[in-house]
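One structure is given below, encoded as structure tokens.
Residue numbering restarts at 1 for every chain, and letters A, B, ... go by the order of the sequence lines.
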Amino acid sequence: MAEETESTKTEPLKTAEEEFKKLEITEEEESELKLETSDHVTFMVEASIAMKFGAVQQYLEVSPAASASATAIPLHNVASRELILILEYYRMHDWVDAGERDLKEFDERFLKDLNYEELKELLLAANYLNVEKLFNFLTKSIANIIRNKDVEFVRTFFGIDNDYTPEEEAAYREENAWAGVKFV
Amino acid sequence: MEEGKETKGKLMMEMKRQRASGRDSKEERDRLSELSDCVLLHIMKFMDTRYAVQTCILSKRWKNLWKCLTTLYFHDRYFRSIENFNKFVSQVLSSRDSSIPVLNLHFCPFNITPAKLLNRVMKYAVMHNVQKLRINISFPTNMPNLFDPQIFSCPSLTVLELYNSGPPLELPKFLQLPALKNLLLTNVSFTPSDNDCAEPFSTCKLLNTLVLQGCSLHKDAKVLLISNSNLSSLNLDNTFQATPNNLDTFQHKIVLSTPNLSSLTIMDYLSFSCHQLSSTCDLSFLEEGSICTTLPKIIGWLQVFTNVKTLTLNSETLRILLNDLSKLPTMSTQPPCLVRLESLKVQMIPWISISDEEVNKSCYHKLLKVISLVSDALFLGRIVGNIKEVEEKVLRGRYRTKGMEISVLN
């Protein structure tokens, strides 16, 4: 019995090793860019992914030398916690073998693992970095969250101070009754 | 220079660090108010316009924000009555900032929405440079066709999806849509421009993708000429339906004059037959073909697919093709040779089975060999063009042969 498990185990191990070797080769081949987050953490990021960030593109346009040198590209408004998430998202979406269903499952899980605060932080980071795909995904997800919620929920979500006086608000609701302004 | 930059960077990082450490709810609010109107509008873009308009009550900043939305979704499912819906639509049109274009419009009104409102929305969209338009309409059968065709001459339109579930909507002779790239039409009727021939798409110079679902020809027309030098992808989905009454006399034809077509899909479960699809050019760029049908006598269609590299058939279609082939008188009618075919995909329909014998029978045809590979009760056919030698390998349900791959899709 024990022998059998041994033999079945070695096989996948071997393939994993081969896979790892393959990965190493591709990693060697791909050029990388050094990014530094606001909390002073440096990341070596595949150029193919980093160049999807509008902020990185813009930085390299101004100082093209940064792509070759060891100087890190500073990301002033992105903390390491957010960058890790952003890289996780882009590595998955960049993965050639990921099918539509894999991506859908990944997106769902990705969103589920974020609380509202993290979601908003990530939106700010995505907006600053100018990453289109993730930005669209986040804004769409937020739209789904606030839809059908009551007005106080949405105010809290966005951190909105209600600057209407109660009278103004009542009058405004009346005026816009056609839009079904209730927010229940 | 460099030093100055670094100091500035460090300073900003310091500030950020302080922020991160002592982030209270007030600061959180400040940070979120950093979200520009642009970002907020981007969020609202994904909401039904009804919910987007309701954000006006949040605060004074939000009061007029929705008026700058460039995407409008009007959907009947969010309204309890037609009156509320109609009132809402007209109020949005008259209250929004009229200097802002409407780039995307999705209009899905109640079935009994008056043509007046529909036409007003269309006129508004045209005047506000609409780029993407999706409309679902359904005029009741007893109502005359009052749809104002001005949307079919909108210069800014790039994507048009028209879903009509009422009686066929008559289109103008030509679609004057110079910027249009994607077009989907459901249940429309084409009007002849010249004798008995309708040629509505030749004026859409940028058209790339065309989908026709359940479309028909005006009673005076016999031919639909799809003539467009830019068109790359064409999908004919149950277009041209004969009724049981006119089945025998049904003569409508589709003629392709699309030299740059790279993908052609035909889904037909109704009444199209082999004499009714032809092409005036050799479609030399056609890479992908797909046929799903239950109709007999479709071998003639293959003429159009001569240059495909990938062909997808469902098992029913394959069976029909094999049946057609077996009936061909030897050598008098030559079935087309798919000389460039690299991959044949067969979608298995569980309840439609072809016996191996049936598949093997067709092997006797010299020009179109169909070789069956049997494994795990799966079988598939292979149409061979210029490949003589066949090497068979079974790889997890995928069959790789020399220079050609056959896959079975379940």
Side-chain angles (χ1 to χ4, degrees), chain A residues 36-40 62-63 65 71-79 81 117 120-121 123-124 126-128 135-149 151-152 154-165 168-170 172-173 175-184, chain B residues 1-2 5-6 8-17 19-21 23 25-36 38-63 66 78-80 84-85 87-92 94-95:
Chain A
E36 186 174 339
T37 52
S38 57
D39 49 347
H40 293 297
V62 182
S63 33
T71 17
I73 301 170
L75 305 173
H76 302 307
N77 284 320
V78 183
R81 201 180 47 184
E117 292 312 311
K120 287 182 288 189
E121 284 298 329
L123 177 68
L124 286 166
N127 186 39
Y128 167 78
F135 181 72
N136 278 334
F137 172 65
L138 295 173
T139 43
K140 193 173 181 175
S141 306
I142 291 175
N144 284 335
I145 291 170
I146 62 172
R147 194 175 56 188
N148 266 334
K149 296 294 195 309
V151 71
E152 276 317 317
V154 184
R155 279 182 186 142
T156 316
F157 189 91
F158 285 111
I160 299 167
D161 286 318
N162 179 17
D163 50 3
Y164 286 120
T165 63
E168 274 175 335
E169 190 176 325
Y172 199 56
R173 277 171 189 266
E175 192 187 316
N176 288 284
W178 57 271
V181 174
K182 275 188 300 231
F183 261 133
V184 190
Chain B
M1 264 306 255
E2 275 298 304
K5 214 179 221 169
E6 228 175 87
K8 198 179 160 197
K10 267 185 190 160
L11 195 72
M12 284 185 75
M13 277 165 204
E14 284 299 311
M15 282 164 64
K16 168 86 194 201
R17 217 190 266 165
R19 233 184 211 176
S21 56
R23 197 179 279 163
S25 86
K26 178 74 187 117
E27 271 180 87
E28 189 58 49
R29 282 177 180 224
D30 288 348
R31 265 172 68 68
L32 271 158
S33 63
E34 283 169 28
L35 286 179
S36 62
C38 195
V39 175
L40 298 178
L41 281 166
H42 208 276
I43 295 172
M44 284 154 86
K45 191 177 103 173
F46 294 108
M47 298 161 80
D48 186 90
T49 302
R50 182 175 160 102
Y51 297 122
V53 172
Q54 290 182 5
T55 61
C56 69
I57 208 72
L58 293 171
S59 75
K60 284 178 182 165
R61 182 191 175 191
W62 289 74
K63 188 175 168 183
W66 73 268
Y78 299 110
F79 292 85
R80 249 178 268 155
N84 285 354
F85 176 80
K87 192 171 176 193
F88 178 79
V89 173
S90 24
Q91 281 283 0
V92 167
S94 49
S95 310

Legend entry - A/Asn136, part contacting chain B, at a heavy-atom distance under 4.5 Å: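 Contact with chain B involves both backbone and side-chain atoms of A/Asn136.
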
Legend entry - Which portion of A/Glu152 sits near chain B, non-hydrogen atoms under 4.5 angstrom: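 Contact with chain B is absent: no heavy atom of A/Glu152 under 4.5 Å.
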
Inset, instruction - For A/Arg155 and B/Leu58, indicate whether the former's side chain and the latter's backbone hold a donor-acceptor pair under 3.5 Å. - result: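 Answer holds: yes.
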
Find out whether [X] and [Y] are in side-chain contact, i.e. whether some heavy atom of one side chain is under 4.5 Å from a heavy atom of the other.
X        : Y        : result
A/Asp163 : B/Arg61  : no
A/Lys140 : B/Lys45  : no
B/Leu40  : A/Phe158 : yes
A/Asn176 : B/Ile57  : no
B/Ile43  : A/Leu138 : no

Inset, instruction - Check step by step if side-chain contact (heavy atoms from CB on, under 4.5 Å) holds for B/Val92 and A/Trp178. - result: CA-CA 9 Å; B/Val92 167; A/Trp178 57 271; 3.7 Å; yes

Legend entry - Rounded distance (nearest 0.5 Å) linking atom CE of B/Met44 with atom CD1 of A/Ile142: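 These two atoms lie 13.5 Å from each other.
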
Legend entry - Pairwise distance CE(B/Met47) to OG1(A/Thr139) - rounded to 0.5 angstrom: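 The CE atom of B/Met47 sits 12.0 Å away from the OG1 atom of A/Thr139.
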
Inset, instruction - Please report the shortest heavy-atom distance between B/Phe46 and A/Ala143, naming the atom on each side. - result: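 Of all heavy-atom pairs spanning B/Phe46 and A/Ala143, the closest is CB-CB, 3.7 Å.
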
Legend entry - Contacting region of B/Ser95 [heavy-atom separation from chain A under 4.5 Å]: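 Side chain of B/Ser95 only, per the 4.5 Å heavy-atom cut-off to chain A.
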
